[in-house]
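As structure tokens, the structure follows; a few thoughts come after it.
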Amino acid sequence: MNLAKFPRRGYVTEPTPLEALPRFSKALGADINVYIKRDDLLPGTAGGNKTRKLDFSMADALNQGADTIITCGAVQSNHCRLTLAWSVKEGLDCHLVLEERVKDSYNPEASGNNFLFQLLGVKSVTVVPGGSPMMAEMEKLAEKLRAEGRKPYIIPGGASNKIGALGYVGCAEETLRQLFNLGLSIDHMVVPSGSAGTHAGIIAGMIGNNAGIPVTGIGVNRKKPVQEAAVLNLANETLEYIGTDARVPAEAVVAFDDYVGPGYSLPTDAMVEAVKMLASTEGILLDPVYSGKAMSGLIDLARKGYFPKGSNVLFLHTGGSPALYAYLPTFRA
Ligand SMILES: *Cc1c(COP(=O)(O)O)cnc(C)c1O
């Protein structure tokens, strides 16, 4: 697909590594070969998936003459950290609106991404209660900044709109090219599914390229039907934006909600097991909120025989390891 017609900033300069996980696969003991796409190693402060989306979102902001970026996320948001980091790099101000999805979870002294918000020089942090209308909250802030003579640009949560999702269509194409170069045939891909842009972009890219590689999403927040509808909508909106006739059929979108546990960002035993297992077998850090829960899904599905024996399964590592340091008691318990 022709993604070159869309302006981007060039934050993604080369393909992220695609690696075999032989020791992890052996420890899993489910007779499958697990591979990993290392988007945790993308450029931008501490890496992670939002860089691919922001590559396009920030280009749109600059083309519209913005001098200020506003975005939103949870209190340990990787998306907020990376939006702020790229704003710094572009010489733009960045304001964050943080949603306390878990009551009283915001602590200005907290470690992890919250610490990085301060270190990177965030212009303002507005904390709002869980369930607040985030777009309206950001609009309110934009109005205030406009009255001060600024030119704010709002990036939605997770940069999950058709502009940001282009980054993950690009990732699907990058992955297919990489698999060809490696002479590696993948049977299945597993991706985290949060604000939906990553999952939607990957499935749009795989189906738009007739790859024949099924994609399973592991939800970290919403109920299965709600998440699947969000992914399907965004995937097809993105394909339409690209200008291709390809569309994602509803049955191609799977986003399990069995691994969320008690709620978004709240730890599960299976997440702790997944994080420890990948760290101790392969030396790779997952995170407690997204990639750790997604990997706990892959582990459980593998143990249940969801992937046929001998399958090559590719896990998309979306990053997030700074949040580990905000969860020390969970891992020490
Ligand atoms: C945002 C994020 C995700 C989820 O991506 P979405 O596009 O929001 O679905 C997964 N992993 C990490 C580390 C993230 O920060």
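Both ligands and their constituent atoms are indexed starting at 1 by order of listing. The basis for the numbers below is simple: all heavy atoms, side chains too, and nothing from hydrogens, waters or symmetry mates.
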Which protein non-hydrogen atom lies closest to atom 2 (C) of ligand 1, naming both residue and atom, and how far is it?
Lys50 NZ, 2.4 Å
Measure the shortest side-chain to side-chain distance between Ile284 and Phe24 over non-hydrogen atoms and say whether it is less than 4.5 angstrom.
no
Please tell me if the side chains of Leu18 and Arg38 come closer than 4.5 Å, counting only heavy atoms from C-beta onward.
no
Proximal atoms of ligand 1 relative to Asn78 (non-hydrogen, under 4.0 Å)
13 (C), 14 (C), 15 (O)
With no hydrogens and no angle check, just 3.5 Å: does a side-chain donor-acceptor pair link Ser160 and Lys53?
yes
In terms of atom number and element, which parts of ligand 1 are under 4.0 angstrom from non-hydrogen atoms of Thr198?
5 (O), 6 (P), 7 (O)
Whether Lys162 and Glu240 form a salt bridge (side-chain N of Lys/Arg under 4.0 Å from carboxylate O of Asp/Glu) is what I want to check.
no
Nitrogen or oxygen of Ala196 less than 3.5 angstrom from that of ligand 1
yes
Short version for Val220: what comes under 4.0 Å of ligand 1, heavy atoms counted, is neither
Give me the residue, atom name and distance of the protein heavy atom closest to atom 9 (O) of ligand 1.
Gly194 N, 2.7 Å
What protein heavy atom is closest to atom 8 (O) of ligand 1, reported as residue, atom name and distance in Å?
Ser195 OG, 2.5 Å
So do the side chains of Ile213 and Leu176 get within less than 4.5 Å of each other, counting heavy atoms only?
yes
Return the orientation label for the Trp86 and Tyr11 ring planes: parallel under 30°, perpendicular over 60°, tilted otherwise.
parallel
So that I can tick it off, tell me whether Glu174 and Lys37 are bridged by a salt bridge, with the cut-off set at under 4.0 angstrom between side-chain N and carboxylate O.
yes
Atoms in ligand 1 flagged as close to Ser160, the criterion being non-hydrogen separation under 4.0 Å
7 (O)
Which atoms of ligand 1 have any heavy atom of Gly319 under 4.0 Å away?
13 (C)
Check whether any heavy atom of Gly48 sits under 4.0 Å from an atom of ligand 1.
no
Atom NZ of Lys309 with >12 non-hydrogen neighbours under 6.0 angstrom
no
Which residue and heavy atom of the protein sit nearest atom 7 (O) of ligand 1, plus the separation:
Lys53 NZ, 2.5 Å
Between Asn312 and Asn33, is there a side-chain donor-acceptor contact under 3.5 Å, judged purely by atom types and distance?
yes
Write out the residue and atom name of the closest protein heavy atom to atom 10 (C) of ligand 1, then the distance separating them to 0.1 Å.
Thr318 OG1, 3.1 Å
Quick check on Gly158 - does any of its heavy atoms sit under 4.0 Å from an atom of ligand 1?
no
Side-chain contact test, heavy atoms from C-beta onward, threshold under 4.5 Å: evaluate it for Tyr153 versus Ile70 and give yes or no.
no
Min N/O separation His79 to ligand 1 under 3.5 Å:
no
Go through ligand 1 atom by atom and flag the ones less than 4.0 Å from a non-hydrogen atom of Gly320.
13 (C)
Asp287, any N or O under 3.5 Å of ligand 1 N or O:
no
